[in-house]
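What follows is one structure encoded as structure tokens, with my remarks underneath.
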Amino acid sequence: MQQLGKANSANIETWLETINTYNSTPEFGTTRVLFTEPEVGARNYVKGEMKKLGMTIHEDAIGNIFGVYPGTDATLPPVWTGSHIDTVLNAGMFDGMSGVVAGLEAVRLIRESGISLRRSLVVVVYTSEEPTRFKLGCLGSRALAGKLDAAEAATLHDAAGKSLYEVLEQLGFPVQDFDLVKKKPGDVFAAVELHIDQTGVLERAGKTVGIVKTICAPTVLEVEVIGRQSHAGGTSMEERRDAYMAACELALVLENLGRHSDSEYTTVTVGKVEVIPNAVNVIPGKVVFSVDIRDCDYDKKNELVMKFRQAVSKVESERGVAVTIKMVNNDHPMGCSPKITQLIEKNCCQQDVPYMYTISGAFHDSMLVGDFAPVAMIFVPSHDGISHSPQEWTDFDDLAAGTDVLTGTLVALANA
Ligand code: HGY
Ligand code: MN
Ligand code: MN
């Protein structure tokens with residue numbers, strides 16, 4: 001009986017360390033923004049590693065990379081694994097990359113074992129899971145789910161005013177085939193993503209694997225506050241229409257709504273603030289700030305947005321400012337497939353890997369892939385719960401153990 005070997009943590013470390021060299025901020029963490037030189041370099045490196053593993057490679061119109069390890073029956077819908085390799089600004093080296101590397105290691109183990117798979121196994125590198133360049137996350141998986149088409153890609157602009165569509169076209173992606181990106185239910189048999197926990201839950205519980213039950217979803221707003229720019233010394237406190245103070249009041253309203261939500265998974269973040277003209281002795285006339293609201297209960301998330309809108313009207317009338325709210329995205333939480341989570345649990349038990357069920361406060365590509373395929377996620381511990389930071393860390397042995405559970409699960413699905 002052919003046996004799967006054990007994942008090699010040194011292998012995983014080498015892959016992650018090498019991907020990490022494709023970085024535009026080596027002086028402070030890792031920054032690999034969609035379709036910038038480091039990210040294109042990392043894409044090419046990963047494709048090279050896929051080829052070494054005997055995989056054939058396909059890329060779609062939005063730049064999703066599919067590394068295919070062939071099964072014996074090409075007519076059967078494949079099994080997917082994978083994640084993203086783009087990052088937030090000054091990130092760590094594990095968020096996303098862990099899932100891509102675990103997929104490569106799973107293929108290496110299966111190939112070396114001689115075990116044949118009925119269904120092909122596809123390692124996917126999803127385009128731009130992070131909203132860093134175009135303010136919207138999960139661009140590749142969103143297009144796969146049919147929630148981002150060519151016309152919408154032309155309306156997403158980066159800070160330089162370039163649209164996603166233009167960038168794709170300039171890089172030579174087949175934008176004319178954008179409509180072919182979308183997958184329909186049945187096209188993919190199952191999709192399992194390994195990812196770091198990005199909280200301290202697993203580490204505090206002493207568990208090596210987290211089996212995700214539900215993936216929380218974001219509602220992202222862009223809030224513009226227009227007041228009246230005027231002199232810091234010449235304008236009395238009564239006659240001011242200070243856009244920044246109004247924005248601060250709204251931010252505290254949001255924090256209060258988040259803290260007093262009756263859903264334990266509600267989070268509210270104001271992460272990005274633009275103050276205009278941003279001068280020491282000028283009362284800001286305009287402020288634009290981001291709002292990132294998460295929950296695994298869609299209705300509760302919408303209820304919080306509605307309460308925020310009510311608070312906006314109050315601040316407008318009391319402060320004499322004008323506020324506009326642009327909804328960037330309002331995603332649905334995604335439940336993971338119990339069929340697959342039970343398979344993951346079975347592999348944890350067979351391999352004697354300590355595990356627990358958990359919820360993902362972070363969003364992931366699986367949140368959208370779940371629109372057309374049954375999904376599940378395997379978390380591995382983040383040290384001190386730190387992520388989206390240069391201090392992000394996951395032990396390579398934990399990554400190897402998570403990869404062994406992933407590999408066992410993928411083989412079972414591919415031969416189901
Ligand atoms: O923001 C998120 O939840 C993900 O890490 N991009
Ligand atoms: Mn992230
Ligand atoms: Mn991620």
Side-chain angles (χ1 to χ4, degrees), residues 16 19-20 23 25 29-34 39 42 46 64 81-103 123-142 191-202 210 212 214-222 258 265-272 290-296 301 328-334 336 358-370 375-382 385-394 399 402 406:
L16 285 173
I19 293 172
N20 204 44
N23 174 9
T25 59
T30 302
T31 301
R32 201 165 32 252
V33 177
L34 178 68
E39 203 253 356
V46 169
N64 292 311
T81 188
S83 191
H84 61 97
I85 60 171
D86 66 304
T87 71
V88 294
L89 302 176
N90 306 112
M93 61 182 271
F94 296 93
D95 171 5
M97 289 63 82
S98 301
V100 172
V101 164
V123 179
V124 187
V125 178
Y126 296 101
T127 288
S128 197
E129 188 270 357
E130 300 292 2
T132 315
R133 180 166 182 180
F134 289 103
K135 295 186 198 167
L136 178 61
C138 298
L139 299 180
S141 46
R142 205 174 290 275
V192 188
E193 178 177 5
L194 182 142
H195 201 284
I196 57 172
D197 178 10
Q198 297 182 299
T199 77
V201 167
L202 290 184
V212 177
T214 307
I215 305 165
C216 290
T219 295
V220 177
L221 310 174
E222 189 171 82
Y265 296 105
T266 306
T267 59
V268 181
T269 310
V270 174
K272 203 171 163 185
S290 66
V291 180
D292 175 313
I293 302 164
R294 309 277 177 106
D295 210 318
C296 55
K301 186 157 61 102
V328 177
N329 54 300
N330 184 22
D331 291 325
H332 287 260
M334 182 52 68
C336 292
T358 188
I359 296 283
S360 177
F363 64 76
H364 303 282
D365 290 304
S366 297
M367 174 182 76
L368 285 140
V369 172
V375 292
M377 294 192 76
I378 295 171
F379 276 2
V380 287
S382 291
I386 296 172
S387 182
H388 282 187
S389 154
Q391 277 71 48
E392 184 180 88
W393 182 262
T394 292
L399 264 169
L406 173 73

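Counting starts at 1 for both ligands and their atoms, following the listed order. One-based numbering along the sequence shown. The figures here come from the full heavy-atom set of this structure, side chains too, leaving out hydrogens, waters and symmetry mates.
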Would a 4.5 Å heavy-atom cut-off, applied to side chains only, mark R294 and T269 as touching? no
Short check: any N/O/S atom of D95 below 2.8 Å from the Mn ion (ligand 3)? yes
Would you say that T199 contacts T358 through its side chain, given a criterion of any heavy-atom pair below 4.5 Å between the two side chains? no
Pick whichever of R294, E130, E129 has a heavy atom sitting closest to atom 1 (O) of ligand 1. R294
Start with the C-alpha gap between E193 and S83, add the side-chain angles, then the distance that decides, and say whether side chain to side chain donor-acceptor pair (under 3.5 Å) holds. CA-CA 6 Å; E193 178 177 5; S83 191; 2.7 Å; yes
Could you tell me whether the side chain of H364 and the main chain of S366 form a donor-acceptor pair under 3.5 Å? no
Residue, atom and distance of the protein heavy atom nearest atom 5 (O) of ligand 1 read H388 NE2, 3.1 Å
Honestly, for Q198 the part within reach of ligand 1 (heavy atoms, under 4.0 Å) is side chain
Presence of N, O or S from H84 under 2.8 Å of the Mn ion (ligand 3): yes
Interatomic distance, N329 atom CG to D292 atom CG [nearest 0.5 angstrom]: 8.5 Å
Please could you name the atoms of ligand 1 that A362 approaches to less than 4.0 Å, counting only its heavy atoms? 3 (O)
So which of the N, O or S atoms of H195 lies nearest the Mn ion (ligand 3)? NE2
Would you find a donor on one side and an acceptor on the other, under 3.5 Å apart, between the side chain of T81 and the backbone of L194? no
Looking at the Mn ion (ligand 2), which N/O/S atom of E130 is the nearest one? OE2
